[in-house]
Asks: 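The structure that follows is given in the form of C-alpha coordinates.
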Amino acid sequence: MGVLIIAEAGVNHNGSLELAKEMAKVAKECGADVVKYQTAVPELVISRHAQKAEYQKEQTGQEETQLEMVRRIHFGFAEHKELKEYCDSIGIQYLSAAFDLPSVEFLESLNLPYFKIPSGEITNLPYLEAIGKTGKPVILSTGMSTLPEIEDALSVLEENGSGEVVVLHCNTQYPTPYKDANLLAMLELQEQFGVPVGLSDHTPGWECDVAATALGAVVIEKHFTLDKNMPGPDHKASLEPQELKAMIQAVRNTELAMGTGHKAVSDSEAENKPVARKSIVAACPIRAGEVFTAENLTTKRPGTGISPMRWYEVIGQVAKRDFEPDEAIEL
(Lines give C-alpha, C1' and ligand atoms only; values in the text may rest on other atoms or scores of the structure.)
Protein backbone atom coordinates (compact mmCIF):
# COMPACT_ATOMS: atom_id res chain seq x y z
CA MET A 1 0.00 0.00 0.00
CA GLY A 2 1.34 3.42 -0.94
CA VAL A 3 0.53 6.77 0.57
CA LEU A 4 -3.07 6.83 1.82
CA ILE A 5 -4.71 9.90 0.26
CA ILE A 6 -7.69 11.26 2.15
CA ALA A 7 -9.84 13.75 0.25
CA GLU A 8 -11.35 15.87 3.01
CA ALA A 9 -14.89 16.86 2.09
CA GLY A 10 -15.41 18.05 5.65
CA VAL A 11 -18.42 20.34 5.69
CA ASN A 12 -17.93 21.58 2.12
CA HIS A 13 -21.20 19.85 1.21
CA ASN A 14 -22.94 22.75 3.01
CA GLY A 15 -25.44 20.36 4.57
CA SER A 16 -26.63 18.86 1.26
CA LEU A 17 -26.57 15.05 1.16
CA GLU A 18 -26.67 15.08 -2.63
CA LEU A 19 -23.66 17.39 -2.71
CA ALA A 20 -21.85 15.14 -0.22
CA LYS A 21 -22.48 12.12 -2.47
CA GLU A 22 -21.27 14.06 -5.50
CA MET A 23 -18.10 14.89 -3.58
CA ALA A 24 -17.53 11.19 -2.87
CA LYS A 25 -17.92 10.45 -6.57
CA VAL A 26 -15.50 13.24 -7.54
CA ALA A 27 -12.95 12.13 -4.91
CA LYS A 28 -12.96 8.65 -6.39
CA GLU A 29 -12.66 9.97 -9.95
CA CYS A 30 -9.69 12.09 -8.86
CA GLY A 31 -7.91 9.02 -7.47
CA ALA A 32 -8.36 9.49 -3.71
CA ASP A 33 -8.37 6.41 -1.48
CA VAL A 34 -10.71 7.89 1.12
CA VAL A 35 -13.35 10.61 1.28
CA LYS A 36 -13.73 12.12 4.74
CA TYR A 37 -16.55 14.01 6.42
CA GLN A 38 -17.31 15.27 9.94
CA THR A 39 -19.77 13.72 12.38
CA ALA A 40 -21.06 15.65 15.37
CA VAL A 41 -24.01 16.39 17.58
CA PRO A 42 -23.50 20.16 17.44
CA GLU A 43 -24.99 20.88 20.89
CA LEU A 44 -22.51 18.42 22.45
CA VAL A 45 -19.51 20.00 20.74
CA ILE A 46 -20.07 23.76 20.82
CA SER A 47 -21.47 25.94 23.58
CA ARG A 48 -23.82 28.76 22.66
CA HIS A 49 -21.11 31.14 23.87
CA ALA A 50 -18.42 29.88 21.44
CA GLN A 51 -17.20 32.40 18.89
CA LYS A 52 -16.35 31.61 15.29
CA ALA A 53 -12.71 31.49 14.25
CA GLU A 54 -11.58 34.56 12.34
CA TYR A 55 -11.38 32.64 9.05
CA GLN A 56 -14.96 31.41 9.65
CA LYS A 57 -16.14 34.99 10.23
CA GLU A 58 -14.43 36.08 7.02
CA GLN A 59 -16.11 33.34 4.97
CA THR A 60 -19.56 33.14 6.59
CA GLY A 61 -20.11 36.50 8.29
CA GLN A 62 -20.73 37.33 11.94
CA GLU A 63 -24.51 37.21 12.09
CA GLU A 64 -24.79 33.60 13.26
CA THR A 65 -22.94 31.92 16.12
CA GLN A 66 -20.52 29.03 15.62
CA LEU A 67 -23.20 26.66 16.94
CA GLU A 68 -25.78 27.97 14.48
CA MET A 69 -23.32 27.63 11.61
CA VAL A 70 -22.41 24.06 12.51
CA ARG A 71 -26.06 23.05 12.96
CA ARG A 72 -26.73 24.34 9.46
CA ILE A 73 -23.98 22.37 7.71
CA HIS A 74 -23.85 19.08 9.63
CA PHE A 75 -25.66 15.79 9.01
CA GLY A 76 -27.44 13.57 11.48
CA PHE A 77 -26.44 9.93 11.97
CA ALA A 78 -29.04 8.68 9.47
CA GLU A 79 -27.54 10.81 6.70
CA HIS A 80 -24.04 9.62 7.55
CA LYS A 81 -25.21 5.99 7.37
CA GLU A 82 -26.69 6.66 3.91
CA LEU A 83 -23.51 8.44 2.86
CA LYS A 84 -21.37 5.52 4.01
CA GLU A 85 -23.55 3.08 2.05
CA TYR A 86 -23.21 5.27 -1.03
CA CYS A 87 -19.42 5.36 -0.70
CA ASP A 88 -19.38 1.57 -0.39
CA SER A 89 -21.49 1.27 -3.52
CA ILE A 90 -19.10 3.33 -5.66
CA GLY A 91 -15.91 1.84 -4.22
CA ILE A 92 -14.35 4.58 -2.11
CA GLN A 93 -13.62 4.33 1.62
CA TYR A 94 -15.96 6.46 3.73
CA LEU A 95 -14.37 8.14 6.74
CA SER A 96 -15.62 10.72 9.17
CA ALA A 97 -14.03 12.53 12.11
CA ALA A 98 -16.10 12.30 15.28
CA PHE A 99 -16.33 15.35 17.53
CA ASP A 100 -18.23 13.90 20.52
CA LEU A 101 -18.82 10.61 22.31
CA PRO A 102 -22.16 9.66 20.68
CA SER A 103 -20.53 10.25 17.30
CA VAL A 104 -17.65 7.94 18.26
CA GLU A 105 -20.19 5.27 19.22
CA PHE A 106 -22.11 5.80 15.99
CA LEU A 107 -19.04 5.58 13.76
CA GLU A 108 -17.94 2.44 15.58
CA SER A 109 -21.32 0.92 14.65
CA LEU A 110 -20.44 1.51 10.98
CA ASN A 111 -17.40 -0.75 11.43
CA LEU A 112 -14.92 1.69 9.96
CA PRO A 113 -11.36 0.33 9.67
CA TYR A 114 -9.84 3.17 11.72
CA PHE A 115 -10.68 6.41 13.51
CA LYS A 116 -9.58 9.91 12.54
CA ILE A 117 -9.05 12.29 15.45
CA PRO A 118 -9.22 15.97 14.47
CA SER A 119 -6.71 18.42 15.92
CA GLY A 120 -9.23 20.08 18.22
CA GLU A 121 -9.88 16.86 20.15
CA ILE A 122 -6.25 16.06 21.01
CA THR A 123 -6.71 17.31 24.58
CA ASN A 124 -10.18 15.78 25.07
CA LEU A 125 -9.41 13.01 27.56
CA PRO A 126 -12.82 11.23 27.72
CA TYR A 127 -12.98 11.30 23.92
CA LEU A 128 -9.47 9.86 23.54
CA GLU A 129 -10.30 7.11 26.04
CA ALA A 130 -13.45 6.19 24.09
CA ILE A 131 -11.58 5.93 20.81
CA GLY A 132 -8.75 3.95 22.40
CA LYS A 133 -11.25 1.44 23.82
CA THR A 134 -12.51 0.62 20.32
CA GLY A 135 -9.15 -1.06 19.68
CA LYS A 136 -9.11 0.43 16.18
CA PRO A 137 -6.08 2.02 14.51
CA VAL A 138 -6.06 5.81 14.71
CA ILE A 139 -4.99 8.72 12.51
CA LEU A 140 -4.23 11.62 14.85
CA SER A 141 -4.03 15.21 13.60
CA THR A 142 -1.79 17.49 15.67
CA GLY A 143 -2.61 21.05 14.64
CA MET A 144 -2.12 23.65 17.42
CA SER A 145 -0.33 20.99 19.50
CA THR A 146 2.89 20.88 21.48
CA LEU A 147 5.05 17.77 21.76
CA PRO A 148 3.96 17.13 25.39
CA GLU A 149 0.28 17.33 24.34
CA ILE A 150 0.88 14.83 21.55
CA GLU A 151 2.75 12.55 23.95
CA ASP A 152 -0.15 12.70 26.43
CA ALA A 153 -2.71 11.89 23.71
CA LEU A 154 -0.66 8.94 22.46
CA SER A 155 -0.32 7.63 26.01
CA VAL A 156 -4.09 7.80 26.58
CA LEU A 157 -4.79 5.98 23.33
CA GLU A 158 -2.21 3.29 24.09
CA GLU A 159 -3.36 2.80 27.69
CA ASN A 160 -6.91 2.26 26.46
CA GLY A 161 -5.99 -0.32 23.84
CA SER A 162 -6.00 1.51 20.52
CA GLY A 163 -4.42 0.00 17.45
CA GLU A 164 -1.51 1.55 15.56
CA VAL A 165 -1.47 5.35 15.49
CA VAL A 166 -0.37 7.45 12.53
CA VAL A 167 0.46 11.00 13.60
CA LEU A 168 -0.32 13.76 11.11
CA HIS A 169 1.60 17.00 11.25
CA CYS A 170 -0.90 19.79 10.77
CA ASN A 171 -1.30 23.54 10.95
CA THR A 172 -4.84 24.55 11.84
CA GLN A 173 -5.15 27.77 9.92
CA TYR A 174 -7.34 27.93 6.81
CA PRO A 175 -5.44 28.49 4.59
CA THR A 176 -2.05 27.88 6.20
CA PRO A 177 0.68 30.35 5.18
CA TYR A 178 3.54 28.43 3.57
CA LYS A 179 5.98 29.95 6.08
CA ASP A 180 4.05 28.18 8.85
CA ALA A 181 3.80 24.77 7.17
CA ASN A 182 6.98 23.54 8.95
CA LEU A 183 7.08 20.21 7.13
CA LEU A 184 10.32 19.11 8.78
CA ALA A 185 8.36 18.78 12.03
CA MET A 186 7.13 15.49 10.54
CA LEU A 187 10.62 14.09 11.03
CA GLU A 188 10.68 15.22 14.66
CA LEU A 189 7.33 13.52 15.29
CA GLN A 190 8.61 10.31 13.75
CA GLU A 191 11.82 10.39 15.75
CA GLN A 192 10.21 11.48 19.02
CA PHE A 193 7.35 8.99 19.07
CA GLY A 194 8.50 6.18 16.79
CA VAL A 195 5.25 6.21 14.82
CA PRO A 196 4.35 6.49 11.12
CA VAL A 197 3.69 10.11 10.16
CA GLY A 198 1.79 12.05 7.56
CA LEU A 199 0.40 15.48 6.75
CA SER A 200 -2.99 17.12 7.10
CA ASP A 201 -2.43 20.04 4.76
CA HIS A 202 -4.28 23.35 4.72
CA THR A 203 -1.94 25.34 2.46
CA PRO A 204 -3.48 26.78 -0.73
CA GLY A 205 -1.61 24.55 -3.20
CA TRP A 206 -0.21 21.04 -3.14
CA GLU A 207 3.55 21.59 -3.02
CA CYS A 208 3.53 20.61 0.65
CA ASP A 209 1.81 17.30 -0.11
CA VAL A 210 4.51 16.42 -2.63
CA ALA A 211 7.25 17.45 -0.20
CA ALA A 212 5.65 15.50 2.64
CA THR A 213 5.55 12.40 0.45
CA ALA A 214 9.28 12.81 -0.20
CA LEU A 215 9.82 13.14 3.56
CA GLY A 216 8.12 9.80 4.20
CA ALA A 217 4.45 10.61 4.81
CA VAL A 218 2.23 7.52 4.81
CA VAL A 219 -1.01 9.57 4.90
CA ILE A 220 -1.88 12.81 3.10
CA GLU A 221 -5.13 14.58 3.96
CA LYS A 222 -6.31 17.52 1.87
CA HIS A 223 -9.54 19.56 1.82
CA PHE A 224 -11.39 19.77 -1.46
CA THR A 225 -14.53 21.44 -2.74
CA LEU A 226 -16.60 21.34 -5.90
CA ASP A 227 -16.36 25.14 -6.13
CA LYS A 228 -14.23 27.54 -4.07
CA ASN A 229 -16.81 30.28 -4.55
CA MET A 230 -19.55 28.41 -2.69
CA PRO A 231 -20.59 29.88 0.68
CA GLY A 232 -19.11 28.13 3.73
CA PRO A 233 -16.13 28.28 6.10
CA ASP A 234 -13.64 25.95 4.35
CA HIS A 235 -14.14 26.34 0.59
CA LYS A 236 -11.48 29.00 0.08
CA ALA A 237 -8.81 26.76 1.69
CA SER A 238 -9.75 23.74 -0.44
CA LEU A 239 -8.73 22.37 -3.82
CA GLU A 240 -11.21 22.19 -6.67
CA PRO A 241 -11.55 18.83 -8.47
CA GLN A 242 -8.99 19.46 -11.21
CA GLU A 243 -6.52 20.64 -8.55
CA LEU A 244 -7.21 17.61 -6.36
CA LYS A 245 -6.60 15.32 -9.31
CA ALA A 246 -3.31 17.08 -10.09
CA MET A 247 -2.26 16.87 -6.44
CA ILE A 248 -2.98 13.15 -6.26
CA GLN A 249 -1.07 12.53 -9.48
CA ALA A 250 1.85 14.57 -8.15
CA VAL A 251 1.89 12.57 -4.91
CA ARG A 252 1.74 9.28 -6.80
CA ASN A 253 4.55 10.38 -9.14
CA THR A 254 6.67 11.47 -6.17
CA GLU A 255 5.98 8.21 -4.37
CA LEU A 256 7.10 6.29 -7.44
CA ALA A 257 10.14 8.51 -7.90
CA MET A 258 11.45 7.90 -4.37
CA GLY A 259 12.63 4.45 -5.49
CA THR A 260 14.70 2.03 -3.44
CA GLY A 261 17.31 4.40 -2.08
CA HIS A 262 20.09 2.34 -3.70
CA LYS A 263 22.05 4.08 -6.45
CA ALA A 264 22.20 1.86 -9.52
CA VAL A 265 21.76 2.07 -13.30
CA SER A 266 18.07 1.93 -14.11
CA ASP A 267 16.64 -0.10 -16.97
CA SER A 268 15.40 3.06 -18.69
CA GLU A 269 18.82 4.77 -18.75
CA ALA A 270 21.03 1.76 -19.47
CA GLU A 271 20.61 2.07 -23.23
CA ASN A 272 21.96 5.64 -23.10
CA LYS A 273 25.31 4.73 -21.56
CA PRO A 274 27.11 4.04 -24.86
CA VAL A 275 25.54 7.15 -26.41
CA ALA A 276 26.49 9.58 -23.64
CA ARG A 277 29.83 8.18 -22.51
CA LYS A 278 33.16 8.28 -24.33
CA SER A 279 35.87 5.87 -25.49
CA ILE A 280 39.57 6.34 -26.18
CA VAL A 281 39.98 7.07 -29.89
CA ALA A 282 42.72 8.13 -32.27
CA ALA A 283 43.21 11.91 -32.39
CA CYS A 284 45.14 11.62 -35.68
CA PRO A 285 46.35 8.81 -37.95
CA ILE A 286 48.30 6.25 -35.91
CA ARG A 287 50.43 3.63 -37.62
CA ALA A 288 51.18 0.11 -36.41
CA GLY A 289 54.20 0.17 -34.08
CA GLU A 290 53.66 3.76 -32.90
CA VAL A 291 53.42 4.41 -29.16
CA PHE A 292 50.10 5.72 -27.84
CA THR A 293 50.58 9.21 -26.36
CA ALA A 294 48.44 12.02 -24.92
CA GLU A 295 48.96 13.78 -28.25
CA ASN A 296 47.75 11.06 -30.61
CA LEU A 297 44.83 9.93 -28.44
CA THR A 298 41.63 11.67 -27.32
CA THR A 299 38.21 10.75 -25.89
CA LYS A 300 34.96 10.87 -27.89
CA ARG A 301 31.54 9.34 -28.05
CA PRO A 302 30.26 6.64 -28.31
CA GLY A 303 31.26 4.78 -25.18
CA THR A 304 31.51 1.37 -26.86
CA GLY A 305 35.30 1.10 -26.76
CA ILE A 306 37.95 1.35 -24.05
CA SER A 307 36.84 3.57 -21.16
CA PRO A 308 38.76 6.83 -20.65
CA MET A 309 39.20 5.66 -17.05
CA ARG A 310 41.91 3.35 -18.53
CA TRP A 311 43.72 6.35 -20.11
CA TYR A 312 47.04 5.82 -18.32
CA GLU A 313 46.92 2.08 -18.97
CA VAL A 314 46.70 2.80 -22.73
CA ILE A 315 49.33 5.57 -22.81
CA GLY A 316 52.76 4.06 -23.56
CA GLN A 317 51.43 0.93 -25.23
CA VAL A 318 52.24 0.16 -28.86
CA ALA A 319 49.65 0.19 -31.64
CA LYS A 320 49.22 -3.29 -33.07
CA ARG A 321 47.63 -1.95 -36.27
CA ASP A 322 46.86 1.27 -38.07
CA PHE A 323 44.11 3.57 -36.68
CA GLU A 324 42.34 6.36 -38.51
CA PRO A 325 41.20 9.55 -36.72
CA ASP A 326 38.12 8.92 -34.47
CA GLU A 327 38.63 5.14 -34.66
CA ALA A 328 38.27 3.41 -31.30
CA ILE A 329 41.55 2.19 -29.93
CA GLU A 330 42.07 -1.55 -29.43
CA LEU A 331 44.90 -3.06 -27.42
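Please read these numbers as outputs of a predicted model, since none were measured by experiment.
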Asks: With a 4.5 Å heavy-atom cut-off, do Lys222 and Ile5 have their side chains touching?
Replies: no

Asks: Working to the nearest 0.5 angstrom, can you tell me the gap between Asn12 CG and Asn14 CG?
Replies: 7.0 Å

Asks: Test salt bridge (Lys or Arg N to Asp or Glu O under 4.0 Å) on Lys133 and Glu129 and set out the steps.
Replies: CA-CA 6 Å; Lys133 286 173 182 173; Glu129 288 177 334; 5.1 Å; no

Asks: Tell me, do Ile220 and Ile6 make a side-chain contact under 4.5 Å, heavy atoms counted?
Replies: no

Asks: Is it true that a side-chain atom of Gln173 and a backbone atom of Pro175 form a donor plus acceptor pair closer than 3.5 Å?
Replies: no

Asks: Strictly below 4.0 Å, N to O, side chains only: are Glu240 and Lys228 in salt-bridge contact?
Replies: no

Asks: Is there a side-chain contact between Ser279 and Ser307, using heavy atoms and a 4.5 Å cut-off?
Replies: no

Asks: Is there a path from Ile122 to Leu154 through hydrophobic residues (I, L, V, M, F, W, Y) whose side chains come within less than 4.5 Å of each other?
Replies: yes

Asks: Is it the case that more than 12 heavy atoms not belonging to Lys236 sit under 6.0 Å from its NZ atom?
Replies: yes

Asks: Taking the side chain as every heavy atom from C-beta outward, state whether Leu239 and Met247 have any pair of such atoms under 4.5 Å apart.
Replies: yes

Asks: May I ask you to say whether Lys25 pairs ionically with Glu29, meaning some side-chain N is under 4.0 Å from a carboxylate O?
Replies: yes

Asks: Please report the shortest heavy-atom distance between Ser145 and Ile150, naming the atom on each side.
Replies: CB-CG1, 3.8 Å

Asks: To the closest 0.5 Å, what do you measure between CE (Met69) and NE2 (His74)?
Replies: 8.5 Å

Asks: What do you reckon, is CD of Glu149 surrounded by more than 12 foreign heavy atoms closer than 6.0 Å?
Replies: yes

Asks: Step by step, would you call Lys136 with Ile131 a side chain to side chain contact (heavy atoms under 4.5 Å, CB included)?
Replies: CA-CA 8 Å; Lys136 294 279 181 68; Ile131 285 186; over 6 Å; no

Asks: Could you check whether any side-chain N or O of Tyr37 sits under 3.5 Å from a backbone N or O of Ala20, counting only pairs where one atom can act as donor and the other as acceptor?
Replies: yes

Asks: Specify the closest pair of heavy atoms between Pro274 and Glu271, including all atoms of both residues, with the distance to one decimal.
Replies: CD-O, 3.5 Å

Asks: Just so I know, are the side chains of Phe99 and Val104 near enough to count as touching, which here means a heavy-atom distance under 4.5 Å?
Replies: no

Asks: Taking C-beta and beyond as the side chain, do Pro118 and Ser141 meet within less than 4.5 Å on heavy atoms?
Replies: no

Asks: For the atom pair CZ (Phe115) and OH (Tyr127), what is the distance rounded to the nearest 0.5 Å?
Replies: 8.0 Å

Asks: How far apart are the closest heavy atoms of Leu67 and Ser47, and which atoms are they?
Replies: CB-O, 4.3 Å

Asks: Check whether any side-chain N or O of Asn296 sits under 3.5 Å from a backbone N or O of Cys284 as a donor-acceptor pair, and report yes or no.
Replies: no

Asks: Is Met258 reachable from Val251 through a run of hydrophobic residues whose side-chain heavy atoms are each under 4.5 Å from the next?
Replies: no

Asks: Salt bridge between Arg321 and Glu327, side-chain N to carboxylate O under 4.0 Å?
Replies: yes

Asks: For Tyr178 and Glu207, what are the C-alpha separation, side-chain angles and deciding distance, and is it a side chain to side chain donor-acceptor pair (under 3.5 Å)?
Replies: CA-CA 10 Å; Tyr178 284 105; Glu207 299 93 337; 2.9 Å; yes

Asks: Taking the side chain as every heavy atom from C-beta outward, state whether Cys208 and Leu183 have any atom pair closer than 4.5 Å.
Replies: yes

Asks: Not counting sequence neighbours, which residues clear side-chain contact (heavy atoms from CB on, under 4.5 Å) with Ser268? List them please.
Replies: Ser266

Asks: Is Ser96 reaching over with its side chain to a backbone N or O of Gln38, donor-acceptor style, under 3.5 angstrom?
Replies: yes

Asks: Tyr86 ring centre to Lys21 NZ or CZ under 6.0 Å, with the angle to the axis within 45°?
Replies: yes

Asks: Taking Glu68 first and then Arg71, would you say they form a salt bridge - that is, a charged N and a carboxylate O separated by under 4.0 Å?
Replies: no

Asks: Could you tell me which non-hydrogen atom of Val210 sits nearest to which non-hydrogen atom of Ala250, and how far apart they are?
Replies: CG2-CB, 3.6 Å

Asks: Is atom NZ of Lys245 surrounded by more than 12 heavy atoms (other residues, nucleotides or ligands) closer than 6.0 Å?
Replies: no

Asks: Stepwise, does the side chain to side chain contact (heavy atoms under 4.5 Å, CB included) test hold for Leu147 with Glu151?
Replies: CA-CA 6 Å; Leu147 288 174; Glu151 184 174 16; over 6 Å; no

Asks: Show the numbers, then the answer: is there a side chain to side chain contact (heavy atoms under 4.5 Å, CB included) between Ile117 and Val138?
Replies: CA-CA 7 Å; Ile117 297 178; Val138 171; 3.6 Å; yes

Asks: Mind listing the closest non-hydrogen atom pair of Leu168 and Thr142 along with its distance?
Replies: O-OG1, 2.6 Å

Asks: Could you go through Tyr94 and His80, starting from their C-alpha distance and side-chain angles, then the distance that decides it, and tell me whether this counts as side chain to side chain donor-acceptor pair (under 3.5 Å)?
Replies: CA-CA 9 Å; Tyr94 162 94; His80 273 287; 2.8 Å; yes

Asks: Is a salt bridge present between Glu324 and Arg287, judged by a nitrogen-to-oxygen distance below 4.0 Å?
Replies: yes

Asks: Tell me whether Asp267 at atom CG has more than 12 heavy atoms from other residues, nucleotides or ligands lying less than 6.0 Å away.
Replies: no

Asks: Indicate the atoms forming the closest heavy-atom contact of Thr172 with Gly143, along with that distance.
Replies: OG1-CA, 3.2 Å

Asks: Can you list, pair by pair, the side-chain donor-acceptor contacts under 3.5 Å of residues 185-198, counting residues two or more places apart and other chains?
Replies:
none

Asks: Charged N to carboxylate O below 4.0 Å: is that the case for Arg252 and Asp33?
Replies: yes

Asks: Does Glu82 use its side chain to pair, donor to acceptor, with the backbone of Ala78 at less than 3.5 Å?
Replies: no

Asks: What ring pair (Phe, Tyr, Trp, His ring centres under 6.0 Å) pairs are there with at least one residue in residues 205-255, not counting sequence neighbours?
Replies: Tyr174-His223, His202-His223

Asks: Should the pair Glu43-Arg48 be classified as a salt bridge under the 4.0 Å nitrogen-to-oxygen rule?
Replies: no

Asks: Nearest 0.5 Å, what's the OG1-NZ distance between Thr39 and Lys84?
Replies: 12.5 Å

Asks: Here's a test for you: under side chain to side chain contact (heavy atoms under 4.5 Å, CB included), which of Ile286, Leu297, Val281 qualifies with Phe323?
Replies: Ile286

Asks: Shared ILVMFWY cluster between Leu184 and Val166, side chains joined below 4.5 angstrom?
Replies: yes

Asks: Can you tell if the side chain of Gln93 reaches within under 4.5 Å of the side chain of Val35, non-hydrogen atoms only?
Replies: no

Asks: Show your working on side chain to side chain contact (heavy atoms under 4.5 Å, CB included) between Ile306 and Trp311 and close with a plain yes or no.
Replies: CA-CA 9 Å; Ile306 296 173; Trp311 181 258; over 6 Å; no

Asks: Rounded to the nearest 0.5 Å, what separation is found between the CG atom of Asn124 and the CG atom of Asp100?
Replies: 9.5 Å

Asks: Are Leu331 and Val291 joined in one hydrophobic group, where the rule is that I, L, V, M, F, W and Y side chains link up if heavy atoms are under 4.5 Å apart?
Replies: no

Asks: Under a single-linkage definition using a 4.5 Å side-chain heavy-atom cutoff for Ile, Leu, Val, Met, Phe, Trp and Tyr, are Met144 and Val156 assigned to the same hydrophobic cluster?
Replies: no

Asks: Are Arg72 and Glu64 within salt-bridge range, i.e. N to O under 4.0 Å?
Replies: yes

Asks: What distance separates Lys278 NZ from Arg301 CZ, expressed to the nearest 0.5 Å?
Replies: 7.0 Å

